[in-house]
Amino acid sequence: MIMTMVQAINQALAQEMERDDRIIVLGQDVGRDGGVFRTTEGLFDRFGPERVMDTPLSESAIVGASIGMTALGLRPVPEVQFMGFIYPAFNQIVSHVARLRNRTRGRFTVPLTIRTPYGAGVKALEHHSESTEALFCQIPGLTVVVPSSPYDAKGLLIASLRSDDPVIFLEPTKLYRAEKQEVPEEPYEVPLRRAAVVREGKDLTIIAWGAMIPVARQAAAAAQAEGIGAEIVDLRTLSPMDRETFVASVRKTGRALVVHEAPKTCGLGAEIAATIGESALLSLDAPVLRVTGQDITVPLPKSEDLYYPGPERILRAIRRLMEY
Amino acid sequence: MIELFDPLKGERLRVLDETGEAAPGLDPGLPDAELRAIYERMLRTRTADAKALKLQRQGRLGTYPPSRGHEACQVGLASAMGRDDWFFPYFRDLGMYITLGYPLADYYHLWMGNEAGLRTPDGLNIYPIAIPVGSQIPQAVGAGLAAKYRKLRIAVVTTFGDGATSEGDFHEGLNFAGVFRTPNVFVCLNNQFAISVPRARQTAAATIAQKAVAYGFPGVQVDGNDVLAVYAAAREALANARSGQGPTLIEAYTYRMGDHTTSDDAARYRSKEEVQEWERRDPILRFRLYLGKKGLWDEAYEKTVQESAAEFVEKAVAEAEARPAATPEDLFTYTYAAMPPELEAQLAELKAFLGEGRR
């Protein structure tokens with residue numbers, strides 16, 4: 001069936017809830033309203049208020065209560081309405097979700113999937129456009145996942161829901177309804193911890209994820225017109241990171257460009273560049289470049305374009321790489 | 001019984017007065033064997049606590065938060081719990097652990113600096129200690145929600161200090177519990193201090209128990225140095241939780257006789273007179289007087305209990321100290337269900353480095 005990412009996420013949740021009665025969806029507006037983006041639409045009517053719980057507006061308790069549910073064997077799926085509102089739950093995530101397996105030497109695990117919309121694209125108020133994935137990638141124990149298409153969204157979410165590790169599942173708001181794609185009706189997994197080469201090319205490697213994938217594709221198409229072949233690696237799981245896939249690609253192309261929405265300093269691009277430096281230095285024909293959000297507070301929608309990487313900025317970086 | 005003591009009117013449940021006399025009609029009426037078992041747990045707790053402090057001073061145990069003064073709160077509460085109930089501790093719960101049957105050797109092993117001591121033995125429903133203050137409260141509520149979802153007739157107990165009641169997680173957790181009527185028993189060990197900051201700096205409310213009113217469920221203040229008062233309130237709150245009548249907040253009014261931890265010096269912020277005043281209200285002394293009046297205590301019995309406690313503690317110390325040190329594998333294995341390649345590489349590098357004979 002042809003569907004949007006919202007529909008793919010919704011289908012993944014419905015199918016897994018059908019299969020596994022340990023899955024409980026909880027959060028602000030996830031019930032009767034079906035979520036502000038409609039990702040949980042229909043679940044309340046289908047599975048009832050005990051499994052699709054509208055909760056008090058209380059991010060720390062939404063995540064904290066989810067932790068407690070795992071103690072009794074449930075697999076909760078807390079939703080935080082926007083990534084910009086996840087910080088009240090940060091203590092629960094960093095101090096407990098990520099650590100309980102280690103703290104108890106495996107007696108207590110925390111198989112939950114925290115879903116949250118993230119990144120630019122909804123032209124809303126401040127705090128609705130955050131892209132702070134690097135904060136979570138610094139925390140051992142967390143798995144951080146970002147889909148870039150409806151197909152991947154369904155498969156990655158199902159894999160996350162079945163994982164015994166806690167997953168931070170970041171849903172790019174810009175892609176929720178941006179494209180439709182054929183998505184198989186039956187449940188399937190897209191494996192976690194595996195990047196994908198989503199476009200092949202011989203001249204340089206672009207490493208990106210989430211909403212930056214379509215932008216990178218546009219830039220790659222423009223570069224193609226200039227005779228430059230750009231390969232695109234979609235990281236998909238940001239942590240633990242699949243380093244092998246992009247290192248192999250850079251060994252082939254000799255040039256690397258990281259694109260992310262988040263600010264440049266201490267962003268994931270730095271980790272990726274360092275990995276390439278450690279593992280593929282002698283293959284490089286040019287320094288690793290980064291096209292990223294600026295090191296400033298995310299601006300309000302009218303100035304958004306000054307902040308986020310667009311195809312033109314990426315194309316300029318591609319040219320610089322090729323001219324080096 | 002809980003509803004007879006209105007925290008908004010400053011009423012406090014107390015069964016035993018300082019001479020060990022039980023108030024008529026309030027004594028929970030426990031059989032003699034159980035009364036003695038409670039006394040023995042209290043004594044073991046105090047002995048194990050004193051030993052931990054000694055070990056810390058000898059450099060055999062790390063930073064440690066002493067429990068002295070809290071034996072009535074901890075043993076009274078845990079003695080009322082059932083085998084299937086769950087416990088979400090804070091970090092000053094020694095008597096809870098001893099009463100619930102957590103191996104003392106494991107407990108010492110933790111405070112000696114080893115995560116392995118926090119691996120709750122299978123079959124015991126005890127979550128690991130929570131050091132970030134108050135963060136265990138929403139977790140306990142989630143366990144309550146899960147119990148409700150699974151239609152288990154169990155209660156979920158969580159403990160915390162007076163300082164925790166100022167944390168957002170206290171509000172978020174109790175608010176959640178009220179909304180969903182979860183089977184929780186929240187027990188605040190109000191020991192008058194959050195390290196050095198007195199109870200008056202945590203809230204302008206006259207009691208902590210009265211905060212329950214705003215969350216829509218009962219709260220009761222009990223004399224936390226009276227083990228029978230704690231037991232009676234806990235028994236009722238647990239029964240209410242298990243039977244679907246929702247949560248309860250119990251404020252156990254007590255005093256931290258020791259320092260906050262072995263890194264603290266309480267003499268900097270409270271007077272000797274104040275501490276001496278509380279020595280008089282010692283929870284073990286009070287319960288001993290009660291047992292004496294019932295003919296359940298004499299010097300010979302005391303000697304047996306003391307000896308048994310000492311033996312229990314020494315055995316645990318020996319066992320904890322005989323445990324092997326953590327290996328690099330122990331440290332790396334439990335971060336994820338399956339070790340990612342980057343961690344495998346770091347582990348291999350660490351082992352190679354250690355193999356070179358350096359540390």
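Just so it is clear, the values below take in all heavy atoms, side chains as well, and ignore hydrogens, waters and symmetry mates. Letters go in sequence order (proteins before strands), and every chain restarts at 1. Just so we're clear, the structure is a prediction, and the values are computed from it rather than from any experiment.
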[X] atom [atom1], neighbour heavy-atom count above 12 within 6.0 Å:
X       : atom1 : value
E321(B) : CD    : yes
R201(B) : CZ    : no
E349(B) : CD    : no
E344(B) : CD    : yes

Using non-hydrogen atoms and a 4.5 Å limit, figure out which bit of [X] sits close to chain B: side chain, backbone, both or neither.
X       : answer
R103(A) : both
T70(A)  : side chain
L192(A) : neither
L142(A) : backbone
M241(A) : neither

Would you say the side-chain atoms of [X] pair up with the backbone N or O of [Y], donor to acceptor, closer than 3.5 Å?
X       : Y       : answer
E50(A)  : Y149(B) : no
R105(A) : R119(B) : no
Y334(B) : R101(A) : no

task = Would you mind telling me which of I67(A), L57(A), D165(A), D242(A) has the largest number of heavy-atom pairs within less than 4.5 Å of chain B?
result = D165(A)

Per-residue contact mode, [X] against chain A (heavy atom under 4.5 angstrom):
X       : result
I154(B) : side chain
F88(B)  : side chain
E115(B) : both

[X] vs [Y] side-chain heavy atoms within contact, under 4.5 Å:
X       : Y       : result
R107(A) : Y127(B) : no
R22(A)  : R150(B) : yes
L100(A) : P128(B) : yes
L72(A)  : L152(B) : yes
P340(B) : R193(A) : yes
Q139(B) : Q92(A)  : yes
S60(A)  : F176(B) : no
I62(A)  : E172(B) : no

query = S135(B) and N91(A): side-chain donor and acceptor closer than 3.5 Å?
reply = no

query = Which pair of non-hydrogen atoms, one from P138(B) and one from A61(A), has the smallest distance, and what is that distance?
reply = CB-CA, 3.9 Å

query = Where do W86(B) and A71(A) come nearest, in terms of heavy atoms and distance?
reply = CH2-O, 3.5 Å

query = Rounded to the nearest 0.5 Å, how far does OG1 of T335(B) lie from CG of N102(A)?
reply = 5.0 Å

message = Using a 4.5 angstrom heavy-atom cutoff, name the option from V179(B), D169(B), L145(B) with the most pairs to chain A.
response = D169(B)

